[in-house]
Every structure is written in C-alpha cells, then in structure tokens.
Amino acid sequence: MGRAGCCYRGAKSLASPLLLRLQPLLLLIIALCYGAHIGQCQVAPQCRIQKCTTDFVSLTSHLTPALDGFDTEFCKALRAYSACTQRTAKSCRGNLVFHSAVLGISDLMTQRNCSRDGPTSSTHPETQPEPCNYHSRTQHAHHHAHPHAHPHAHARPGYLFCGLFGDPHLRTFKDSFQTCKVEGAWPLIDNDYLSVQVTNVPVVTGSSATATNKITIIFKPYESCTDQRVYQAVTDDLPAAFVDGTVSSGEPSHNLASGDGVASGKVRALWISERSPGRHVELHAGYMGVTVIVRQLGRYLTLAVRIPEEMAHAYDATQDLQLCLNGCPSAERIDRAGRLPLPPSPPALGLQLQQPRHAASHGGAPLRGFTMEGARQRCREQLEVQDIYFHSCVFDLLTTGDANFTAAALSAQKDMESLHPHRERWRIYPRSTASASHPASSSSTCLVLLLLWAMGTALV
C-alpha cells in the first residue's frame with residue numbers, strides 16, 4: 001500500500017463539517033495525514049490506528065447536534081474510539097498519528113462531558129438471523145458465541161457427505177467406501193429432520209448384485225419453516241415435485257446467492273430444482289442446510305447427500321440403523337475390508353447370456369459380457385482417475401454386463417466433488433491396489449527403517 005493510501009481515506013472523512021466543528025484537536029491528525037508524502041504518516045502494518053479512526057468516522061458521520069440524543073451517541077462513539085486505541089496501543093508505540101488521536105479523544109471527551117465508563121457504539125450493528133436459513137442461523141450463533149471475532153469471519157459448520165450408486169456402492173459420512181447387497185428397503189439416513197430410504201432389487205438372476213430402483217425422502221416439519229414433505233423417485237419416474245404435487249414449501253424468506261456471490265432472489269425454505277427432466281433432480285432444504293441429488297442412469301437410481309453434521313447426529317437409539325452413518329451390516333458386505341473381489345470374466349459366470357430383471361419388459365438393450373480388460377477400457381473412457389469410483393465401475397461391468405453403470409460411476413464421482421466439503425478426502429483408493437499404485441511407498445519405508453537402524457547402531 002502506498003504512503004498516500006495509508007491515512008488519506010480516513011483523514012478525508014474526518015474533514016466533514018461536523019467533525020471540523022467538534023474535534024479541533026483532531027485537525028492535527030488531518031494535517032499529518034495530508035502530509036503523507038513527507039513520511040510522518042507511514043503507519044506500521046500492525047498499527048491499526050487508521051482502522052480505529054475510520055470506524056469512528058462511520059459511527060459519527062450521520063450525527064448532527066440537532067438530533068435528539070446527539071451527546072449520548074457521540075460519547076458512545078468516543079468511548080469506542082478510545083477502546084480501539086487502547087487495543088492497538090502496544091503496536092502503535094511511537095506513532096505520531098496514534099498519539100495525536102489519543103490526545104484528541106481525551107480533549108473531546110472533556111468538551112462533551114463524556115464519562116470514561118459507559119456503553120460504546122458498535123461498528124457492526126446487531127442483525128437478526130433468518131430463522132429458515134441455516135447459514136444465517138449458524139452465523140448469528142457464531143457471532144454471539146465469539147463476540148470478539150473478526151467481523152468478517154464466518155462460522156464454518158461441519159458438513160458430511162453420503163453417496164450411493166451402482167451395485168450398490170456406499171460412501172458413508174466417515175468416507176468409508178463399501179459395496180453391499182442390501183436387497184429390499186434400507187434406511188440411509190433417519191434423524192429428527194430427514195429420512196432417506198432406498199429400495200434395491202436384484203440386477204442379474206443368480207447373482208448377489210443389486211441396484212437401487214426406488215428412493216423415498218421425507219423432510220420432517222421444522223418450526224414455522226416447513227411442514228412435512230415427501231419426495232419419491234422410482235425407475236422411469238423421477239418427478240420434479242413432491243408426492244403432493246408441490247415443488248416447494250415455506251414462505252420466500254431468504255436470498256439465494258448465485259455463483260458470483262450476488263443474491264439472485266428470495267427462495268423458500270424447501271424447493272426442488274429439475275436439472276434434466278426425468279434424469280436429474282436436486283432437492284434443497286435451506287432451513288437445515290441439506291442438498292440431495294437424485295439421478296437415473298440406465299435402469300437404476302443414484303443418490304448424493306450433503307448435510308450439516310449437527311443435523312446428521314440428531315437421532316436417538318431407535319434410529320441407529322442408518323447406512324450413511326454406520327455403513328452396511330457385515331453380513332451384507334460384498335467388499336472385504338475395503339477390497340473389491342473382482343469376479344472372473346463373464347464366460348465363467350455366463351453373464352453375457354443373462355438379462356437384468358425387468359430388462360425385457362422395459363425394452364432394455366441386450367447386454368454384452370465384459371472381459372477384465374474390456375471393462376477397464378470402458379471405464380477409462382469416462383473416469384480418468386483410477387480411484388474407488390473407477391474400480392467400482394469395473395466391478396459393476398464384470399458383475400452385471402450393463403454399460404450404464406459406467407455413467408453411474410461418473411455421475412456419482414461428479415456429485416461427490418460437488419457436495420463433499422473436504423477436497424483432500426475426495427480420492428479413495430482400494431486397498432488391494434494400494435501397493436501396486438504406489439510401488440515406491442514400500443521401498444521408501446524400508447529405506448527409512450534401514451537408515452534409522454544404521455543411525456541407532458552408530459550411536460551404540
């Protein structure tokens with residue numbers, strides 16, 4: 001920042017007619033700041049006297065002696081100014097502008113008969129939270145819990161992610177990646193605010209492979225923001241409305257920010273957004289900070305959810321069966337401690353001769369079997385990173401022979417990247433390939449151990 005920019009802005013504001021009348025001793029500060037080119041106004045970066053002065057100006061610029069309560073408000077602003085200078089006194093030691101401000105404040109408090117003790121003005125007036133906006137409520141709570149935090153500091157509530165796709169593959173709130181059977185109806189989420197249930201059906205006769213063909217989501221009543229709403233999607237019926245025909249709930253109450261941070265208008269507490277008719281729907285519950293993405297790829301459905309941690313953990317002992325929270329029961333797991341047991345090539349299973357259930361009745365295209373290399377090649381066309389989504393794609397193609405599972409894995413990966421709050425946790429690699437993917441890892445570990453042993457021997 002140039003020297004002229006150091007104090008000029010605050011000094012220019014101090015030169016208002018009101019302040020020229022009421023603050024004679026602070027004219028010294030104005031003169032000093034207008035003389036910034038001489039160098040006396042070069043304030044050290046850690047000295048915040050300019051911020052104190054700017055805040056004082058913002059608190060008094062609208063005051064005139066004719067206003068009722070002028071003396072009270074002006075004294076409150078002076079006390080706030082004085083408190084600010086005291087907080088920055090140590091870092092401003094020897095600064096001429098700072099010491100001039102301290103003298104000017106003292107003189108003005110004497111002139112206006114202001115007591116040293118008493119209420120002070122706030123440069124950030126109290127704002128009421130929007131009760132049906134989760135972000136607004138958390139910011140308000142954060143401000144009251146940390147009143148001395150930086151005014152522009154934002155609370156960062158913890159969010160959790162859960163996803164389900166394919167055969168089906170489950171990514172839990174703890175980023176545990178599991179492949180499960182879970183045939184029939186199973187609860188993914190069941191807490192005081194939200195319930196999500198999926199129904200899985202067999203894909204191939206004679207195989208344990210299942211996939212999701214029905215999703216039911218219940219948004220439970222929340223204060224005056226929304227009454228209960230139920231959303232249900234089944235294969236070939238991905239509606240852009242709740243089961244009662246409505247597309248939203250609650251009164252328009254808070255602004256929805258666009259991608260560039262500009263408010264794009266009022267939205268309701270709960271609403272549905274159709275991104276691709278019959279293929280991609282998003283449900284937004286602004287009152288509790290929840291986003292749900294539902295897609296149909298081929299004959300089956302995928303799901304992705306982001307939910308605040310405090311909401312996800314609002315449940316009692318009767319709601320402990322939640323796949324997103326605790327994963328699949330061990331008896332329903334197909335993977336072995338994170339390792340996917342890839343089946344042999346289709347000729348051994350005869351999958352190329354079988355059709356998924358319901359395929360014939362719905363005009364499904366005949367499936368072709370995939371060899372291991374064929375499945376890997378097909379998945380590589382869509383998934384560049386060979387993480388767990390890539391390996392799940394290979395597993396699904398070998399198990400079902402249905403090429404639509406490639407698109408399901410890709411969409412699941414994109415939805416995860418869109419909703420998962422922690423970028424550093426996006427990538428998960430199957431344990432069975434960890435050593436092959438990182439051959440240098442074990443060598444490096446051995447070298448480190450050898451070096452430590454050698455150092456220890458040398459010291460003996």
Side-chain angles (χ1 to χ4, degrees), residues 157-202 208-220 230-233 283 285 288-294 300-341 387-389 391-392 395-396 408-409 412-413 415-416 419-422 424-432:
Y159 285 89
L160 301 174
F161 172 82
C162 180
L164 186 79
F165 70 99
D167 187 11
H169 306 288
L170 171 71
R171 183 165 183 157
T172 72
F173 289 148
K174 300 175 182 178
D175 290 313
S176 172
F177 203 96
Q178 304 175 0
T179 300
C180 312
K181 294 178 289 186
V182 289
E183 182 178 348
W186 289 81
L188 290 185
I189 299 173
D190 184 18
N191 56 53
D192 295 343
Y193 305 96
L194 178 71
S195 291
V196 180
Q197 180 176 281
V198 296
T199 301
N200 303 313
V201 295
S208 61
T210 64
T212 304
N213 74 341
K214 182 178 179 181
I215 296 174
T216 303
I217 304 170
I218 301 175
F219 295 92
K220 301 178 182 180
V230 179
Y231 178 83
Q232 190 168 92
L283 299 93
M288 61 175 175
V290 169
T291 300
V292 183
I293 300 177
V294 181
Y300 303 104
L301 307 177
T302 69
L303 180 82
V305 181
R306 180 174 62 191
I307 182 172
E309 188 171 357
E310 63 173 307
M311 301 291 185
H313 290 155
Y315 64 93
D316 58 35
T318 65
Q319 301 167 299
D320 61 341
L321 181 57
Q322 302 182 53
L323 301 191
C324 283
L325 186 68
N326 299 314
C328 298
S330 57
E332 298 291 331
R333 295 276 295 271
I334 295 176
D335 65 295
R336 300 167 188 152
R339 293 186 292 271
L340 278 173
D387 60 359
I388 195 66
Y389 290 91
H391 289 276
S392 297
F395 178 87
D396 290 349
Q413 186 183 67
D415 291 341
M416 179 275 296
L419 298 182
H420 198 298
H422 303 290
E424 69 277 7
R425 301 181 192 171
W426 283 4
R427 303 300 173 208
I428 300 175
Y429 296 90
R431 296 180 184 179
S432 58

[X] side, atom [atom1]; [Y] side, atom [atom2] - distance, nearest 0.5 Å:
X      : Y      : atom1 : atom2 : value
Met416 : Cys162 : CE    : SG    : 13.0 Å
Gln322 : Asp190 : CD    : CG    : 5.5 Å
Asp167 : Phe395 : CG    : CZ    : 5.0 Å
Leu188 : Leu164 : CG    : CG    : 5.5 Å

Residues passing the ring-ring contact (aromatic ring centres under 6.0 Å, His included) test with Tyr389, sequence neighbours excluded, are Phe165, Phe177
For residues [X] and [Y], report the shortest heavy-atom separation together with the two atoms involved.
X      : Y      : value
Leu160 : Ala312 : CD1-CB, 3.8 Å
Lys220 : Ser195 : CE-OG, 3.2 Å
Thr210 : Lys181 : OG1-O, 2.6 Å
Glu183 : Glu332 : N-OE1, 4.3 Å

Any side-chain heavy atom of [X] sitting closer than 4.5 Å to one from [Y]?
X      : Y      : result
Met288 : Pro308 : no
Val305 : Ile217 : no
Asn200 : Tyr300 : no
Thr302 : Pro168 : no
Ile428 : Arg171 : yes
Phe173 : Ile189 : yes

Just jot down the side chain to side chain contact (heavy atoms under 4.5 Å, CB included) partners of [X], sequence neighbours excluded, or say none.
X      : value
Thr172 : Leu170, Lys174, Ser176, Gln178
Ala304 : Phe161, Ile293, Asp415, Leu419
Lys214 : Thr199, Thr216, Gln232, Val234

With sequence neighbours excluded, tell me which residues meet side-chain hydrogen bond (donor to acceptor under 3.5 Å, both in side chains) with [X].
X      : value
Asp396 : His169
Asp320 : none
Gln197 : none
Asp387 : Gln413, Arg427

Quickly, which of Asp335, Val182, Ile334 forms a side chain to side chain contact (heavy atoms under 4.5 Å, CB included) with Cys328? Name it, please. Val182
Side chain to side chain contact (heavy atoms under 4.5 Å, CB included) test vs Val196 passes for just one of Leu303, Val294, Ile218, Val290, namely Leu303
Applying side chain to side chain contact (heavy atoms under 4.5 Å, CB included) to Phe219 and Leu194, what does each step give before you reach the verdict? CA-CA 5 Å; Phe219 295 92; Leu194 178 71; 3.8 Å; yes
With side chain to side chain contact (heavy atoms under 4.5 Å, CB included) as the criterion, how do Tyr315 and Leu325 come out once you've worked through the C-alpha distance, each side chain's angles and the decisive distance to 0.1 Å? CA-CA 11 Å; Tyr315 64 93; Leu325 186 68; 3.2 Å; yes
Backbone N or O of Glu424 within a donor-acceptor pair of the His422 side chain at under 3.5 Å? no
